[in-house]
Amino acid sequence: MSLRTRLLVALGAVAFVALLVADVATYSALRSFLIGRVDQQLQTTHESIELALEAPRGGGSPLGGPPGGGTTPIGSASDQPDQDGCAAQGTAAVLFQRLAQGTFVELRSSTGTVTAEQSYCERGGTELQPRLPNVIKGFTTAANPGGEPTVYFDTGSVQKGGSSFRVGASAISGGDILVIALPLSDVDGTLGRLLEIELAVTGGALALSSLIGWWLVRLGLRPLAAIERTAATVAQGELGHRVPGESPKTEVGRLAAVLNLMLGRIEGAFAARDATLADLRQSQGTLRRFVSDASQELRTPLAAVSAYAELFERGADQRPEDLGRVMTGIRSETARMGQLVDDLLLLARMDEGRPLERAQVELVALAAEAVDAAATVGPDWPVHLSAAEPVEVVGDRARLRQVLDNLLSNVRAHTPPGTAATVRIEAIDDRAVCQVSDDGPGISPDTAERIFERFYRTDSSRTRSSGGSGLGLSIVAAIVAAHDGTVSAAPREGGGTVFTVTLPRGGGPAASG
């Protein structure tokens with residue numbers, strides 16, 4: 001069963017119960033009111049009859065008895081028919097004939113013997129009598145405060161299909177019991193009509209409430225339909241969709257807000273997954289290229305060592321001039337392989353995020369040492385230092401010196417002799433900036449974006465025999481990143497290239513990947 005159907009059934013059940021309670025309460029209240037009026041009529045009739053029974057008749061005898069104060073024996077008078085053909089029996093016949101049409105009266109002695117009676121006659125002369133018990137019990141003064149003990153009860157008719165009666169029995173003076181009954185045909189008719197009206201009104205109200213409830217449920221479930229459509233759209237892979245109608249004031253609005261929060265996190269998780277997969281694919285490609293380039297870099301010195309060893313086996317050890325050349329070549333290629341292995345090991349440590357030494361480093365003094373060393377190693381490439389004031393950072397002195405050495409070595413490797421270089425150290429806000437610029441041929445913007453990739457070479461001059469391994473600038477980028485800094489390369493205005501290293505003056509994290 002759908003939620004809409006369950007809500008409609010629940011609303012219908014609540015409306016039915018409410019209408020049923022209202023109908024029962026109305027029916028019970030009206031019946032109690034009508035029965036109360038009948039009881040008042042019975043009480044009034046009882047008082048009238050009791051006064052008539054106690055009053056002297058004719059010469060002063062009660063009920064028309066003889067003079068002298070005696071009473072006429074009950075049952076001594078002849079029966080006299082009333083205007084509808086029903087007879088009143090006993091000495092009270094004339095009195096009973098004065099009662100309202102439809103009133104049944106019976107007078108019983110203390111032993112229960114009926115001494116006078118008038119039957120209830122319907123129109124047309126049909127005589128009806130209430131079904132009375134032989135012994136009437138339950139008399140109490142609560143039913144008639146300030147009067148005789150009285151009991152009221154409902155009973156049926158002796159005749160089949162007759163009207164029901166409301167009976168009031170009172171214990172009067174002398175021990176007699178006066179029984180008065182009134183038909184409840186008018187009351188039953190009124191209550192029957194009320195029942196028909198209640199059934200019609202209840203049915204119409206249920207139908208109308210069902211129609212209005214269906215419309216309200218449909219209107220109330222419209223946000224859920226929007227959530228359903230959004231969920232279907234998201235299930236098809238469109239994670240950017242969101243549920244409309246966010247509101248902290250309604251349950252559906254809060255549900256929409258929670259779902260949107262969940263969808264945002266799911267979208268973020270998928271984006272992170274896609275980014276991770278992309279990084280993984282890129283890392284796998286980089287690793288494959290790295291392994292391929294490293295193998296290629298190692299193949300040349302290994303081939304050279306193998307060739308020198310073959311020359312040695314062919315008798316170079318017997319010729320002093322060949323032996324010296326072989327040993328020199330082996331030492332040169334071995335040193336080259338050792339340098340390459342050291343560079344690869346340094347990059348691996350940087351990638352693992354191993355901590356660096358942390359100490360105060362004065363960059364101007366460090367740059368002066370690097371410039372002096374570069375001038376000694378490559379006197380054909382003049383280098384100048386420019387600094388206005390000391391600049392301190394927190395980092396690894398040896399690695400920061402390696403950054404400057406590699407940048408100056410890059411100038412000597414890729415510019416012709418006579419190219420001048422300048423090392424500029426300055427502090428800008430909370431950052432230390434180190435620039436190494438030259439007036440050489442320069443680089444293109446495309447090359448500047450990839451120049452820090454491992455084993456990347458810009459042109460044919462950067463061969464494995466003369467251009468190095470292609471790891472120098474990669475090491476620079478790794479060391480700077482480990483100090484929470486940045487490095488970039490760009491063409492310089494007027495020709496040449498400028499490398500810019502930016503470091504935090506307070507020092508970066510202990511290590512970064």
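For reference, positions follow the sequence shown, starting with 1. Everything numeric here is computed off the predicted structure, so don't read it as measured data.
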Which distance, rounded to the nearest 0.5 Å, do you find between the [atom1] of [X] and the [atom2] of [Y]?
X    : Y    : atom1 : atom2 : result
L404 : S409 : CG    : OG    : 12.0 Å
C434 : L407 : SG    : CG    : 7.0 Å
I428 : T502 : CD1   : OG1   : 7.5 Å
R399 : I475 : CZ    : CD1   : 8.5 Å
L194 : E198 : CG    : CD    : 4.0 Å
F165 : T155 : CZ    : OG1   : 9.0 Å

So does [X] have more than 12 non-hydrogen atoms from other groups sitting under 6.0 Å from [atom1]?
X    : atom1 : value
F16  : CZ    : no
R424 : CZ    : no
R265 : CZ    : no
R37  : CZ    : no
D429 : CG    : no
Q360 : CD    : yes
D186 : CG    : no
E362 : CD    : yes

Tell me, do [X] and [Y] make a side-chain contact under 4.5 Å, heavy atoms counted?
X    : Y    : answer
V151 : T140 : no
F499 : L473 : yes
Q43  : Y152 : yes
Q435 : V423 : no
I479 : Q402 : yes
L408 : V436 : yes
V403 : V487 : no
N406 : N410 : no

task = Could you please spell out the steps behind the side-chain contact (heavy atoms from CB on, under 4.5 Å) verdict for L184 and I35?
result = CA-CA 9 Å; L184 297 178; I35 293 297; 4.1 Å; yes

Between [X] and [Y], is there a donor-acceptor pair closer than 3.5 Å when you use the side chain of the first and the backbone of the second?
X    : Y    : value
W381 : P416 : yes
T447 : I443 : no
D438 : G440 : yes
D380 : G418 : no
S209 : L206 : yes
T230 : A226 : yes
T419 : T415 : no
R254 : P248 : yes
S32  : S28  : no
S157 : S164 : no

Shortest non-hydrogen separation from [X] to [Y] and the atoms involved:
X    : Y    : answer
P244 : A256 : O-CB, 3.9 Å
A432 : V391 : CB-CG1, 3.6 Å
R492 : S437 : NH1-OG, 3.7 Å
S444 : P491 : C-CG, 4.5 Å
L385 : A367 : CD1-CB, 3.8 Å
A421 : V411 : CB-CG1, 4.2 Å

Answer yes when [X] and [Y] have at least one side-chain N-carboxylate O distance shorter than 4.0 Å, and no when they do not.
X    : Y    : answer
R397 : E357 : no
D396 : R358 : no
R242 : E267 : yes
R166 : D154 : yes

ask   = Between E369 and R401, is a salt bridge (Lys or Arg N to Asp or Glu O under 4.0 Å) present by the stated rule, with each step listed?
value = CA-CA 8 Å; E369 297 175 2; R401 169 65 186 275; 3.5 Å; yes

task = Check the pair V393, L363 against side-chain contact (heavy atoms from CB on, under 4.5 Å), reporting the backbone distance first and the verdict last.
result = CA-CA 7 Å; V393 297; L363 289 182; 3.9 Å; yes

task = Could you go through the side-chain contact (heavy atoms from CB on, under 4.5 Å) check for L42 and L182 one step at a time?
result = CA-CA 7 Å; L42 289 173; L182 288 176; 3.5 Å; yes

key: Verdict with reasoning, L11 to V217, per side-chain contact (heavy atoms from CB on, under 4.5 Å)   = CA-CA 10 Å; L11 289 175; V217 168; 3.8 Å; yes

